[in-house]
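Everything below concerns the one structure shown next.
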Amino acid sequence: MVKHLGCEVQTLHASLHVSPDSAPRVDAALGDARDAPAMIGLHPGASMAAKRWPVECFQQLSHILIASYPDAQIVVTGSPADVPLCEQI
C-alpha cells in the first residue's frame, strides 16, 4: 500500500513477535493460514469507537485484497472485546 503512496519499499516481509507462552494459541488460531504464501492482517479495533474505521470499509478492503492477492490469507485480529467487530469482517 505504501508503495502506491510514493514511498520507497525495500521489503515486503514483516514480522510480529509472539511470546513463547502465546505461541501455542497463535498457532492454533492461525491453523492452515500459516502455510499461505502471504498473510495480510487486519486489526479493526481501536480504544475509542470514534477512532475506528467503519466495518464496511474493512469489508470492502478485504474484498479488494482477496481479489488482488488471491494466494494470500486474510487474518483478522483483535482483543476479546473486538470479536463481534471482527466477525462482521
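Note that these values count all heavy atoms, side chains included, but never hydrogens, waters or copies made by symmetry. Quick caveat: nothing in here was measured; it's all calculated off a predicted structure.
Of the possible polar contacts, one joining the S68 side chain to the I64 backbone as a donor-acceptor pair under 3.5 Å is found.
By the criterion of side-chain heavy atoms lying less than 4.5 angstrom apart, applied directly or through intervening Ile, Leu, Val, Met, Phe, Trp or Tyr residues, V76 is grouped together with I66 in one hydrophobic cluster. Hydrophobic cluster membership differs between L30 and I74, with clusters built from Ile, Leu, Val, Met, Phe, Trp and Tyr side chains linked at under 4.5 angstrom. By the rule that hydrophobic residues join a cluster once side-chain heavy atoms approach within less than 4.5 Å of another member, V83 and W53 end up as members of separate clusters.
When every heavy atom of Q59 is checked against every heavy atom of Q88, the shortest pair comes out as NE2-O, 2.7 Å. In plain terms, the two heavy atoms of A33 and Q73 that are nearest each other are CB-CG, 3.2 Å. Of all heavy-atom pairs between A81 and P84, the closest is O-CD, 3.6 Å.
Taking CZ of R25 as the start and OG of S19 as the end, the distance is 7.5 Å to the nearest 0.5 Å.
Heavy-atom contacts from other residues, nucleotides or ligands closer than 6.0 Å to CG of D35 number more than 12.
Side-chain atoms of P44 and I89, non-hydrogen and from C-beta on, do get closer than 4.5 Å to each other.
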**Request:** Take F58 and L85, measure what side chain to side chain contact (heavy atoms under 4.5 Å, CB included) needs, and give me the verdict at the end.
**Result:** CA-CA 10 Å; F58 277 104; L85 180 64; over 6 Å; no
**Message:** Run L42 and L65 through side chain to side chain contact (heavy atoms under 4.5 Å, CB included) and show every step you take.
**Reply:** CA-CA 11 Å; L42 300 177; L65 290 169; 4.2 Å; yes
